[in-house]
There are 2 protein chains.
Amino acid sequence: MANIKDIAKKAGVSVTTVSRVLNNHPYVREDKREAVLQAMEEFNYQRNINAVHLSKGETLLIGVVVPFTNHPYFGLLVEGIANEAMKNNYKLVLFQTNYEENREIEALKMLQHKQIDSLIICSRICGWEVISQFTEYGPIVLCEDARNQNVSSTFIDHYMTFTNALEYLYNKGHQKIGYCIGRRSGANSRQRGKAYSDFLSRIGESYNEEYIFYECLNFEHGEEVVQRLLNMENPPTALLVTSDFAAAGIVTSCREKGIRIPGDIAIMGFDNQPIAKIMHITTLEIPLVQMGKKLMLQAIDSESHTHEEISVKLIERQTV
Amino acid sequence: MANIKDIAKKAGVSVTTVSRVLNNHPYVREDKREAVLQAMEEFNYQRNINAVHLSKGETLLIGVVVPFTNHPYFGLLVEGIANEAMKNNYKLVLFQTNYEENREIEALKMLQHKQIDSLIICSRICGWEVISQFTEYGPIVLCEDARNQNVSSTFIDHYMTFTNALEYLYNKGHQKIGYCIGRRSGANSRQRGKAYSDFLSRIGESYNEEYIFYECLNFEHGEEVVQRLLNMENPPTALLVTSDFAAAGIVTSCREKGIRIPGDIAIMGFDNQPIAKIMHITTLEIPLVQMGKKLMLQAIDSESHTHEEISVKLIERQTV
DNA sequence: TCTTGCTATGAAATGCGTTTCATAAATTAA
DNA sequence: TTAATTTATGAAACGCATTTCATAGCAAGA
C-alpha cells in the first residue's frame, strides 16, 4: 500500500506538500496540488488513519457507556447521540457494561489512552472518586446532575420530577402510592428515593418497603409487578413506573388479570415512548433523543464544562 | 507523559526490552522485568494505543452497522455482539445508518483505513458490488445468507421459515394471509416476498398488494396496521408479523377495537422477544443474542470465511 | 572438544502522517 | 525603493511502540 512518501516522490514534491493537500492547507500551488491528487489517484492512496491518530493525538471517536444496549431508554438516548455524532463526523465506540464497574473503567482507560476523544456515560456505576481520576484525559459527559463535578452533564431534576408526579397522583386522590424503578443504587434512583420518602413524610404516610419494585426495566417485568400486587393485602392505588415499557407491561398484565386501570390502580409512566401513546399511558415526557444530542455536543466541546437541565412534561392520558 | 523511551532509560534497558515486558515476551530476565515495571509505576506510564495500532496494524475495534440502534431486533443482536466482544477484549464501533447508503460506506471505509479490524453489517443497504470492493481489507460479516459472497455470514433461511409459517397458518385453516414487514428492499425481505408469492400460487390464491404492510417495525406501527385492517372490505384472517413488537402493537390495538384474536384474525410474530411471551403471541423464535455472538466470532476470525445457518423454532401460544 | 540450539538483549528499521522551522519568492504597503 | 507581508515549499523532528536482525553467553548433545 502506498504511503505519503510514495505519493510525494511520484508527484515530485515533499511529503509536507502532500500532507497539505490532504488537509486542504491553502499554501499549495494549483499545479502541485493537481500532481499530488493525480499521484494519489494512480496509487489508489489511502491515508493510514492510525498514523493520523498517533500524530494528531485525536481519534474522532467518542465512547458511549450504557448498561444495556437493548433497552428502549438507552436506545433512544444512543439514537440521539449517534445522530449528532454523524453530523459532526464522529464515530461511536459502544461500551455495554451490564453495570459491571470494570467495563466502565475500561472505557475510562480508553479515554486515558487516547483511544477515544471523549466519553459519554449514560448511566454511571463507578464512584466519583474513580471518574475524577480520568477527567484530565478528556471530556467526560454524564447523564445525571453533575454540577459539582469536574465534568459536563445533561440531566433531569429527578427529585423535582418525582415530587411533582407524586403530588399529581396525590391530588388525584391517591395516598397509597408505590413506584417501580430499574436499580437500587445510582444517582437518579437515589434522588427519586429521596423525593419519595420526603413526600411520604409530608403527607404523613409511612414508608412501605413493599410498595417499591426494583429491577423493573422492561415490558416483561410488568408481569412480576402485577403478580406481587395481587398477593398484597393492602396494595397501592397508584404506581409511578420509571419506564414506559414496564408501565405498558403492567397495564397489559393488569388487563389480563382483570385489574382496572385507573379504577383499581393508576399507572404513570416515564419517557413518553411511542408505546405509551398507543396504550394511552399517562406519562412524563423525557426528550431522550434531544438529550442524546446535547450529550454529544458536550462531548465534542473540550473547552468547557457545561450543565444542561432538561425539563420534563406531563402527558395526561388514560391510566391515571 | 512518559513514553517507552523514558521507561527504558529509567530502567537501564533498551526500548526493546521494555516492549518485551509490555507484551509478556518470555526472554526477559526477572530483575530487568522488575526494573521496567518499577519505572512504569514511577512514571505512571500509559502505553499510547494509537502508536500500538500504527505499529501492529490492528485496533481491536469491530465495526457494527445497524439501521437503528433503537429497535428491539437490533438491540438483541447488538447485545449478543457486545457480550462476545467483551469476552474477546474487542470494542465496538457503532454505525447507525438509518438505511443511508453513505453511512454504510463510511463504515466500509473505516475498515479500509484499518481503523477497525472487521465489520459486522446487521442489515445491508449497499449492493454486493460495493461490499466486494472492501473484502480485501478485513473480515466483513453479514447477517443474511451470503454463501456465494466473499464474506462470512450468520443467517436464517427466511424463504424456508416464511414458507413454513405460511403453511402452518394454512393448515390452521387460513387462506387469506397477509404479512407485515420492515422494509421493501433488503435481501431478507426479498426472500420472504418470494416465499409469499410462491406460497400463494401453490394454494391458488391471487396476490393482493393490500395484504402486505411495509414499514412495520415497532409497537407503534401496529395501530396503523389495524386501522388499515378495519378499512378493508375483505381483510386477511391471518397476519405474519416480522417483529414481535409490531405484533404486540397489533394485538393491543385489536383488543382495543374489539377485534378478537385469533378469532377474527390470527397473529404470528417473529423473534420471540420477551413481549411475545407476556402477551402470549405465537411466534418464531430467532436466537438473536446467539446470532450476535456468532457474528462476532466470525468477525474475529480473519482466517476463513464461514457461513452459519441458524434454525428457527415455532413457539405456539395463543394468537393463532 | 565442537557443534547446535536456546536465552537474553539492544540497535536500528518500520509503520505513517503532521507540524515546526527555516528559507525563498512574490506581493503589498509605505 | 525599501520594508513588511504573504505565499509556497521542503527538511527534519515528532508522536510511539513493535519487530527484525545481529550478537553474545550459556547449556546440552555428539
Side-chain angles (χ1 to χ4, degrees), chain A residues 1-40 43-61 109-117 137-138, chain B residues 1-40 43-61 109-117 137-138:
Chain A
M1 226 194 231
N3 63 24
I4 200 174
K5 227 173 178 171
D6 303 324
I7 302 297
K9 193 181 289 176
K10 179 81 185 176
V13 297
S14 70
V15 291
T16 315
T17 300
V18 178
S19 178
R20 290 208 179 89
V21 173
L22 240 20
N23 294 285
N24 294 314
H25 191 283
Y27 291 171
V28 181
R29 225 169 54 208
E30 198 48 37
D31 56 333
K32 302 218 171 182
R33 161 169 278 117
E34 292 294 335
V36 168
L37 291 173
Q38 172 77 34
M40 285 179 183
F43 285 8
N44 185 28
Y45 170 73
Q46 298 299 337
R47 183 154 46 165
N48 182 323
I49 300 213
N50 291 128
V52 177
H53 290 168
L54 173 59
S55 199
K56 290 207 179 172
E58 65 161 33
T59 61
L60 296 181
L61 253 32
K109 287 208 169 149
M110 275 184 70
L111 182 68
Q112 180 178 36
H113 295 164
K114 306 208 172 305
Q115 204 175 0
I116 52 179
D117 292 348
Y137 302 114
Chain B
M1 225 194 233
N3 62 25
I4 201 174
K5 227 173 177 172
D6 303 323
I7 302 298
K9 192 182 288 176
K10 179 80 186 177
V13 297
S14 70
V15 291
T16 315
T17 300
V18 177
S19 177
R20 289 208 180 90
V21 172
L22 241 19
N23 295 285
N24 295 314
H25 191 283
Y27 291 172
V28 180
R29 225 168 55 208
E30 198 47 36
D31 56 333
K32 301 217 173 186
R33 161 169 278 118
E34 292 294 334
V36 169
L37 291 173
Q38 172 77 33
M40 285 181 183
F43 284 9
N44 185 27
Y45 170 73
Q46 299 297 338
R47 185 156 44 168
N48 182 321
I49 300 215
N50 291 127
V52 178
H53 290 168
L54 173 59
S55 196
K56 290 204 180 177
E58 64 161 33
T59 61
L60 295 181
L61 252 32
K109 286 207 168 149
M110 276 185 68
L111 182 67
Q112 181 178 36
H113 295 165
K114 306 208 172 304
Q115 205 175 359
I116 51 179
D117 293 347
Y137 303 114

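Each chain gets a letter, A, B and so on, in the order the sequences are listed, and its residues count up from 1. Quick caveat: nothing in here was measured; it's all calculated off a predicted structure.
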Side chain to side chain contact (heavy atoms under 4.5 Å, CB included) for A:L22 and A:I4? Distances and angles first, verdict last. CA-CA 10 Å; A:L22 240 20; A:I4 200 174; 4.2 Å; yes

Run the side chain to side chain contact (heavy atoms under 4.5 Å, CB included) check on A:N44 and A:Q46 step by step: do they pass? CA-CA 7 Å; A:N44 185 28; A:Q46 298 299 337; 3.4 Å; yes

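A donor-acceptor pair is defined here as one N or O able to donate and one able to accept, closer than 3.5 Å; no such pair exists between the side chain of B:N50 and the backbone of A:N50. Panel note: side chain A:D6, backbone A:K9; no donor-acceptor pair is recorded below 3.5 Å. Listed for the A:N23 side chain is no donor-acceptor partner under 3.5 Å among the backbone atoms of A:H25.
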Show each protein N/O and nucleotides 19-24 of chain C N/O combination with a separation under 3.5 Å, one pair to a line.
| residue | atom | partner | partner atom | Å |
| --- | --- | --- | --- | --- |
| C:dT19 | O4 | A:T16 | OG1 | 3.4 |

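What separates NE2 of A:H53 from P of D:dA17 is a distance of 17 Å, to the nearest Å. Atom C1' of nucleotide D:dC14 and atom CD of A:E58 are separated by 16 Å, given to the nearest angstrom. Between the CG atom of B:N3 and the C1' atom of D:dC16 there is a distance of 6 Å, given to the nearest Å. In this structure, B:I49 atom CD1 and D:dG15 atom P are separated by 18 Å, rounded to whole Å. Look at CD on A:Q115: it is 14 Å from C1' on D:dC16, rounded to the nearest Å. For A:I4 and D:dC14, the CD1 to P distance is 18 Å, given to the nearest whole Å. Between the CG atom of A:N48 and the C1' atom of C:dT18 there is a distance of 13 Å, rounded to whole Å. As a whole-Å value, the separation of A:K9 NZ from C:dG17 P is 14 Å.
Nearest heavy atom pair, residue B:V13 against residue B:K32, reads CG1-CD, 3.8 Å. For the pair B:T59 and B:D117, the tightest heavy-atom approach, listed with the atom from each and the gap, is N-OD1, 2.8 Å.
The nearest heavy atom of DNA chain C to B:V13 and to B:V52 marks one nucleotide each, and the one closer to the 5' end goes with B:V13.
Judged as a ring-ring contact (aromatic ring centres under 6.0 Å, His included), and not counting sequence neighbours, B:H113 has no contacts.
For DNA chain D, the residues of residues 25-40 of chain A within the heavy-atom distance limit of 4.0 Å (strictly under) are A:P26, A:Y27, A:V28, A:R29, A:K32, sorted by number.
Look at A:S14 and you won't find any side-chain N or O under 4.0 angstrom from OP1 or OP2 of D:dA11.
Listed nucleotides D:dC16, C:dT18, C:dC16 differ in distance to A:A51; the shortest reach to its side chain belongs to C:dC16.
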